[in-house]
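Okay, structure first, notes after.
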Amino acid sequence: MSPSVTPSPSLSPSPSAPRPVTVVTGGSRGIGAAIALRLAADGHDLVLGYAGNARAAEETAGAVRAAGARCAAVRADIADETAVELLFDTAEAELGPVTGLVNNAGVTGRIGPLAETDTETLRRVLEVNVLGYLLCCRRAARDMSARGSGAIVNISSAAATLGSPGEYVHYAAAKAAVDAMTVGLAKELGPSGVRVNAVAPGVINTEIHAAMGDPGRPARVARRVPLGRPGEPAEVAGAVSWLLSSDASYTTGTVVRIAGGR
Ligand code: NAP
């Protein structure tokens with residue numbers, strides 16, 4: 001599927017003062033959509049990347065615009081270099097220089113032990129969660145370091161430290177790579193004025209669990225969570241907004257865990 005840009009006829013309001021321009025990958029649904037809505041409320045203009053669900057993307061983009069932000073939605077598979085370039089080019093052309101990136105789009109593949117996981121699934125999970133994050137980080141690093149400012153937030157997972165035995169060790173490994181790229185890039189880009197952090201959610205109520213073939217997973221896993229329940233996407237969004245804000249101006253290279261104590 002080739003990348004495409006969903007027309008964004010109502011890019012209002014026109015900014016009188018510079019507003020942050022933030023790219024949220026996987027902004028159509030789940031945690032990404034909650035982040036987009038929170039960032040819109042906190043004064044960001046937004047470009048939402050998505051994989052294929054144009055209806056969900058336009059619905060979220062409409063809610064973002066209703067909150068007073070400018071917003072475009074771009075279909076862009078983050079594992080595809082050309083699509084990632086289009087995502088950032090569109091953001092820049094429609095909204096101006098990108099000041100923030102939320103690397104959020106992710107997939108787990110079907111739940112199960114590694115011995116039963118096919119190679120195609122392993123490849124895709126690594127392509128999206130590792131290569132895709134790196135492609136987005138690389139473009140942001142080039143643009144932001146040239147301007148001497150910017151902030152990146154990578155959405156990792158508590159799986160990175162729990163290991164997820166019997167569920168998706170490959171996904172946990174990919175998210176551990178996200179933590180490593182966060183620490184390394186923070187050091188690499190700090191001298192250029194660019195901050196890089198991560199947020200590691202625990203089990204959060206989104207459609208990702210049904211997509212992995214286990215819609216009952218949040219309720220089941222909640223028994224092992226000290227706070228006794230799954231999280232909601234909005235409970236992740238506030239930390240992302242803070243990490244992008246000037247309140248976090250001395251925070252870089254950190255992973256903020258939002259996992260109910262797990
Ligand atoms: P979700 O509800 O399944 O939504 C996934 C989002 O990513 C959708 O917007 C989807 O677009 C997009 N997407 C998927 N593959 C993509 C690709 N190759 N290129 C571009 N966009 C792609 O997932 P979620 O639960 O909100 O998860 C968001 C992030 O949080 C992921 O990185 C996930 O690993 C992480 N996370 C989730 C949980 C949890 O319990 N939910 C816990 C820890 C970490 P379409 O709408 O077009 O399909």
Side-chain angles (χ1 to χ4, degrees), residues 1 3-4 6 23-37 46-61 73-84 86-87 101-109 111 123-133 135-136 153-162 164 167-168 170-179 182 198-222 225 229-237 239-240 255-260 262:
M1 209 153 38
S4 75
T6 303
V23 171
V24 181
T25 67
S28 51
R29 294 185 289 118
I31 293 170
I35 291 168
L37 288 170
L46 293 157
V47 170
L48 311 181
Y50 66 99
N53 192 334
R55 178 183 290 199
E58 264 321 304
E59 203 172 298
T60 304
V74 181
R75 191 179 77 211
D77 178 352
I78 59 165
D80 175 345
E81 179 180 2
T82 306
V84 168
L86 176 80
L87 177 64
L101 164 66
V102 182
N103 238 339
N104 165 80
V107 292
T108 64
I111 197 165
R123 197 184 305 281
R124 185 62 183 160
V125 167
L126 291 172
E127 266 182 7
V128 174
N129 296 289
V130 183
L131 177 65
Y133 274 51
L135 290 173
C136 292
V153 178
N154 293 321
I155 305 301
S156 176
S157 172
T161 55
L162 295 171
S164 305
E167 293 196 316
Y168 33 53
H170 54 291
Y171 168 81
K175 291 303 193 181
V178 169
D179 289 359
T182 299
V199 166
V203 63
I204 306 294
N205 270 324
T206 71
E207 293 167 350
I208 202 170
H209 309 283
M212 68 179 81
D214 190 3
R217 183 173 177 272
R220 195 177 63 251
V221 172
V225 175
R229 63 173 177 84
E232 296 301 326
E235 294 180 284
V236 178
V240 175
V255 180
V256 178
R257 195 177 187 88
I258 302 180
R262 190 153 180 254

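Every number for a ligand or one of its atoms is a count from 1 in the order of the listing. Numbering of residues begins at 1 and proceeds along the displayed sequence.
Heavy-atom proximity to G30, at under 4.0 Å, picks out these atoms of ligand 1: 2 (O), 26 (O). Against a heavy-atom cut-off of under 4.0 Å, V128 is close to the following atoms of ligand 1: 18 (N). Near E207, with a cut-off below 4.0 Å to any heavy atom, the atoms of ligand 1 are 2 (O). Applying the 4.0 Å criterion to heavy atoms of Y133 picks out, from ligand 1, the atoms 32 (O). Counting atoms of ligand 1 from 1 in the listed order, those under 4.0 Å from a heavy atom of V203 are 40 (O). Shown in contact with N53 at under 4.0 Å from a heavy atom are these atoms of ligand 1, numbered in order with element: 45 (P), 46 (O), 47 (O). Within the listing of ligand 1, atoms 6 (C), 7 (O), 9 (O), 12 (C) sit less than 4.0 angstrom from a heavy atom of G26. Each of the following atoms of ligand 1 lies closer than 4.0 Å to a heavy atom of R29: 2 (O), 3 (O), 8 (C), 9 (O), 10 (C), 45 (P), 46 (O), 48 (O).
Closest to atom 34 (O) of ligand 1 among all protein heavy atoms lies Y171 OH, 2.5 Å. With respect to atom 20 (C) of ligand 1, the closest heavy atom belonging to the protein is A76 O, 3.2 Å. Of all protein heavy atoms, the one closest to atom 16 (C) of ligand 1 is A51 CB, 3.6 Å. Nearest protein heavy-atom neighbour of atom 24 (P) of ligand 1: T206 OG1, 3.6 Å. Looking from atom 45 (P) of ligand 1 to the surrounding protein, the closest heavy atom is S28 OG, 3.5 Å. If you check which protein heavy atom lies closest to atom 19 (N) of ligand 1, you get I78 N, 3.0 Å. What sits closest to atom 27 (O) of ligand 1 on the protein, heavy atoms only, is I208 CD1, 3.9 Å. Counting only heavy atoms of the protein, atom 30 (O) of ligand 1 lies nearest to I155 CG2, 3.4 Å.
By the neighbour-count criterion of 12 heavy atoms within 6.0 Å, atom CZ of R220 is densely surrounded, having more than that number from other residues, nucleotides or ligands. Around atom CD of E59, no more than 12 heavy atoms belonging to other residues, nucleotides or ligands sit under 6.0 Å away.
Proximity of A158 to ligand 1, defined as any heavy-atom pair under 4.0 Å, is not found for any part of the residue. In A56, neither the side chain nor the backbone holds a heavy atom less than 4.0 Å from any atom of ligand 1. When heavy-atom distances to ligand 1 are checked against a 4.0 Å cut-off, R124 comes that close only through its side chain, counted from C-beta outward. The side chain of H209, and not its backbone, has at least one atom closer than 4.0 Å to an atom of ligand 1 (non-hydrogen atoms only; side chain from C-beta on).
Listed for the N129 side chain is no donor-acceptor partner under 3.5 Å among the backbone atoms of G106. In this structure, the side chain of Y171 does not engage the main chain of V125 through any donor-acceptor pair within 3.5 Å. The closest donor-acceptor contact from the side chain of Y168 to the backbone of A173 lies at 3.5 Å or more, if one exists at all. Although no hydrogens or angles enter the test, the distance criterion places no donor-acceptor pair under 3.5 Å between the side chain of T108 and the main chain of M212. Here the side chain of S157 pairs no donor or acceptor atom with the backbone of K175 at under 3.5 angstrom. Judged by distance alone, the side chain of T206 and the main-chain N or O of G30 form no donor-acceptor pair under 3.5 Å. Looking only at distances, a side-chain donor or acceptor of H209 sits under 3.5 Å from a matching main-chain atom of I204. Put simply, the side chain of N104 gets close to the backbone of T25: a donor and an acceptor are under 3.5 Å apart.
T161 has its side chain within reach of R257: a pair of non-hydrogen atoms, C-beta onward, lies under 4.5 Å apart. In this structure, the side chains of L131 and L126 stay at 4.5 Å or more apart for every pair of heavy atoms. Counting heavy atoms from C-beta on, the side chains of L48 and V74 never come closer than 4.5 Å. Contact check for P201 versus I155: side-chain heavy atoms found under the 4.5 Å cut-off.
Between I204, I31, N103, it is I31 that holds the heavy atom closest to atom 37 (C) of ligand 1. Compare S157, P233, G202 by their heavy atoms: the one nearest to atom 42 (C) of ligand 1 is in G202. Counting only non-hydrogen atoms, the option in V221, N104, T60, N129 that gets closest to atom 32 (O) of ligand 1 is N104. When the heavy atoms of G106, A73, S156 are ranked by distance to atom 44 (C) of ligand 1, first place goes to S156.
The shortest heavy-atom distance from E127 to ligand 1 is not under 4.0 Å. Residue contact check for ligand 1: T25 places no non-hydrogen atom closer than 4.0 Å to it.
Checked against a 3.5 angstrom limit, the closest N/O atoms of G52 and ligand 1 fall inside it. Remark: ligand 1 and D77 share an N or O pair separated by less than 3.5 Å (distance only, no angle test).
With no hydrogens or angles considered, a side-chain donor-acceptor pair links D179 and S156 at under 3.5 Å. Side-chain polar atoms of T182 and N154 form a donor-acceptor pair below 3.5 angstrom.
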